[in-house]
Enquirer: 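Have a look at this one.
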Protein chains: 2
Amino acid sequence: MAVLDKRPSAEMKVRKQRAPNSPPRGAPDRHAKKAMRNSEIVYRDLRDAIVNVTLPPGAPLVEKEITERYGISRTPVREAMLKLAEERLVDVFPKSGTFVARIPVAVLQEAIVARRALEEVCVREATAKATKSQLMQLQAVIQRERELCAAGDEQAFHDADNAFHAGVAAAGGYPGIWTMIEKIRLQVERYRRLTLPQKGRMKLIVAEHAAVLDAMEHGDADAAVEAMNSHLNKLQIDIETFRDLWPDYFLFDKK
Amino acid sequence: MAVLDKRPSAEMKVRKQRAPNSPPRGAPDRHAKKAMRNSEIVYRDLRDAIVNVTLPPGAPLVEKEITERYGISRTPVREAMLKLAEERLVDVFPKSGTFVARIPVAVLQEAIVARRALEEVCVREATAKATKSQLMQLQAVIQRERELCAAGDEQAFHDADNAFHAGVAAAGGYPGIWTMIEKIRLQVERYRRLTLPQKGRMKLIVAEHAAVLDAMEHGDADAAVEAMNSHLNKLQIDIETFRDLWPDYFLFDKK
DNA sequence: CATGCATAACTAGTATACAAGATATTTTAC
DNA sequence: GTAAAATATCTTGTATACTAGTTATGCATG
């Protein structure tokens with residue numbers, strides 16, 4: 001901390017530095033380019049495999065193996081690992097190994113509460129100021145859910161499910177809050193994939209989404225919030241049931 | 001993604017691998033050790049400098065310079081940079097430079113809304129189930145705030161301020177939600193340090209904290225939430241005022 | 001055969017070297 | 001003198017080599 005107090009003296013270099021407070025001019029333009037770095041690719045693949053429980057809790061993630069699989073060096077792989085560790089999806093044991101993290105039950109409970117709180121403000125604000133076009137778009141998402149439900153495409157349905165919630169947040173003017181919810185969702189989603197049979201749930205989800213949207217269209221914020229809460233409450237955890245089934249997959253003692 | 005589908009075949013190696021689902025035995029023990037990696041140190045220093053606006057928005061962060069200052073290599077410095085980029089505290093322009101991010105006003109507004117929503121569930125739950133000792137501890141924190149207010153120690157007061165909110169979350173049984181709030185707080189705090197004169201505010205904050213705790217002690221959840229909301233609303237942004245003062249410090253167009 | 005210990009092999013953390021692109025400076029053409 | 005092209009020198013992204021610590025293996029010893 002104190003190290004930072006003495007600002008660097010740039011006198012030693014005669015070369016003129018770029019003036020402070022001036023990022024490169026091309027910056028906004030280049031924002032459009034989607035130059036996905038290798039670390040991003042590895043991160044996404046691993047993250048998806050973890051939340052899909054393709055890689056179960058406790059599974060080792062060996063850097064060398066991944067570098068060979070992708071044909072890249074350790075550096076980007078390591079970046080991906082660090083990002084996953086940040087999100088508590090993996091545990092890194094220095095000089096020992098990196099493993100898919102067990103599902104922390106305490107974190108799970110809080111994640112559900114937090115999500116409910118954030119979705120509530122989104123749906124309340126969305127009810128107040130959603131435009132007609134936004135409501136129609138949400139109707140379209142629900143219709144797509146119906147179609148995917150009929151087709152039985154779980155993965156696509158899951159994406160549509162997220163699209164509905166994202167749409168509600170966007171209608172409320174809170175796209176950034178949806179980003180927060182997505183981060184929270186990672187842990188919960190892993191639990192959901194592990195424990196809930198997806199079969200019969202799709203129709204129920206469609207009905208619940210429809211109830212939320214219906215309340216929004218009637219401008220009844222309290223009803224919309226209520227519908228959203230009861231929808232999200234379906235995620236509520238019944239830990240005891242799974243405690244014995246997969247004892248190695250969960251972490252019960254806090255921290 | 002498809003790359004991950006074929007699980008590694010370990011036949012080629014005769015050497016017996018550690019069994020899956022079994023992290024190292026010493027893991028829980030070593031958890032106590034606080035082996036802070038260099039990247040953590042750099043991260044904390046830079047993060048603090050950014051939120052304190054010691055490093056103003058737009059300031060360049062040159063990896064090489066930091067490596068020389070700390071006497072370490074680029075690798076841990078780079079890790080710190082990536083973490084800061086993740087939190088939108090810096091912008092990385094590949095092959096060009098890394099700069100302290102401008103304060104994104106849109107994100108700021110949403111951050112305040114999100115924080116209020118999360119603090120609300122914390123204080124409501126805390127009112128319902130705080131133990132006597134937890135309430136006494138919160139009283140102690142407020143008393144400490146009074147002392148630090150009198151002493152005029154802004155930094156320590158600031159820490160105590162956080163301790164109060166963390167204590168409320170802990171009393172509600174949601175320490176993880178406080179962790180989320182802390183992440184959200186980074187952006188808002190930077191704005192606060194930049195715009196609000198801290199002098200007269202300390203006494204007001206103490207009074208507001210006391211009002212929250214008073215309602216909690218009376219078991220009046222609604223009043224506690226109301227007090228907390230009005231406390232947090234003091235952060236509300238008056239962008240127009242500062243738009244002209246430091247136009248370079250803020251980012252107005254979304255994303 | 002069981003147990004303790006030396007050793008080998010593997011891990012993540014770090015340092016360094018190289019590559020590719022962007023900016024600043026200099027040079028050159030007119 | 002001005003503008004544009006060439007060049008030098010920055011920057012971050014990536015690969016690789018090395019270090020230090022941990023776990024597995026196998027041998028020695030009883």
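Chain identifiers are assigned alphabetically (A, B, ...) following the order of the sequence lines, protein sequences preceding nucleic acid strands; residue numbering begins at 1 within each chain. Since we're looking at a predicted model, the values are computed, not measured.
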Enquirer: Do you know which two heavy atoms are closest between Tyr249(A) and Leu194(A), and how far apart they sit?
Expert: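 Closest approach of Tyr249(A) to Leu194(A): CD2-CD2, 3.5 Å.
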
Enquirer: Without decimals, in angstroms, what is the distance between Phe99(B) CZ and dT12(D) C1'?
Expert: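 Rounded to the whole Å, the gap is 11 Å.
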
Enquirer: Distance check needed: dT14(D) P versus Glu63(A) CD, whole Å only.
Expert: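 After rounding, the reported distance stands at 15 Å.
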
Enquirer: Starting at CD1 of Ile72(B) and ending at P of dT14(C), how long is that distance when rounded to a whole Å?
Expert: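 So the CD1-P distance, Ile72(B) to dT14(C), works out to 8 Å.
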
Enquirer: Whole Å only: how far is the CD atom of Glu79(A) from the C1' atom of dT12(D)?
Expert: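 Nearest whole value for this atom pair: 11 Å.
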
Enquirer: Round to a whole Å and report the spacing from CG of Asn38(A) to P of dA19(C).
Expert: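 Rounded to the whole Å, the gap is 17 Å.
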
Enquirer: Give me the one residue out of Val77(A), Leu46(A), Asp91(A) that meets side-chain contact (heavy atoms from CB on, under 4.5 Å) with Leu61(A).
Expert: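 For Leu61(A), the side-chain contact (heavy atoms from CB on, under 4.5 Å) test succeeds with only one of Val77(A), Leu46(A), Asp91(A), which is Leu46(A).
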
Enquirer: Produce the list of close N/O pairs, under 3.5 Å, pairing protein atoms with atoms of nucleotides 18-20 of chain D; give distances to one decimal.
Expert:
none

Enquirer: How are the rings of Trp178(A) and His165(A) set to each other: parallel, tilted or perpendicular (split at 30° and 60°)?
Expert: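 Trp178(A) and His165(A): parallel rings.
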
Enquirer: Looking at every non-hydrogen atom in both residues, tell me the closest pair between Gly58(A) and Arg102(A) and how far apart they are.
Expert: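 Minimum heavy-atom contact is CA-NH1, 3.6 Å.
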
Enquirer: Please report the distance, rounded to the nearest Å, between CD in Glu40(A) and P in dT14(D).
Expert: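 Roughly 11 Å, once rounded to whole Å.
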
Enquirer: Hey, is the side chain of Thr98(A) poking within less than 4.0 Å of OP1 or OP2 on dT11(C), counting only N and O atoms?
Expert: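 For dT11(C), OP1/OP2 do not have a side-chain N/O of Thr98(A) under 4.0 Å.
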
Enquirer: Step by step, work out the salt bridge (charged side-chain N to carboxylate O under 4.0 Å, His left out) result for Lys83(A) and Glu87(A).
Expert: CA-CA 7 Å; Lys83(A) 207 168 166 186; Glu87(A) 291 164 340; over 6 Å; no

Enquirer: Is it the case that more than 12 heavy atoms not belonging to Gln134(B) sit under 6.0 Å from its CD atom?
Expert: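 Yes, because the 6.0 Å sphere around CD of Gln134(B) holds more than 12 heavy atoms from other groups.
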
Enquirer: Quickly work out the Lys64(A) NZ to dT23(D) P distance and round it to whole Å.
Expert: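 Lys64(A) atom NZ is separated from dT23(D) atom P by 19 Å.
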
Enquirer: Taking OP1 and OP2 of dA15(D), is either one under 4.0 Å from a side-chain nitrogen or oxygen of Ser73(A)?
Expert: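 So the side chain of Ser73(A) is within the cut-off, an N or O lying under 4.0 Å from OP1 or OP2 of dA15(D).
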
Enquirer: Using atom CZ of Arg37(A) as one end and atom P of dG21(C) as the other, report the distance to the nearest whole Å.
Expert: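 Atom CZ in Arg37(A) sits about 15 Å away from atom P in dG21(C).
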
Enquirer: Over all strands shown, is Leu61(B) touching base, sugar-phosphate only, or nothing at heavy-atom distances under 4.0 angstrom?
Expert: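 Leu61(B): backbone/sugar contact only, no base atoms under 4.0 Å.
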
Enquirer: Assuming nearest nucleotide by heavy-atom distance, tell me which of Met81(A) and Thr75(A) is located more 5' along DNA chain C.
Expert: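 Its nucleotide being nearer the 5' end, the pick is Met81(A).
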
Enquirer: Hey, does the side chain of Arg190(A) reach the backbone of Val53(A) with a donor-acceptor pair shorter than 3.5 angstrom?
Expert: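 Here the side-chain-to-backbone pair does not exist.
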
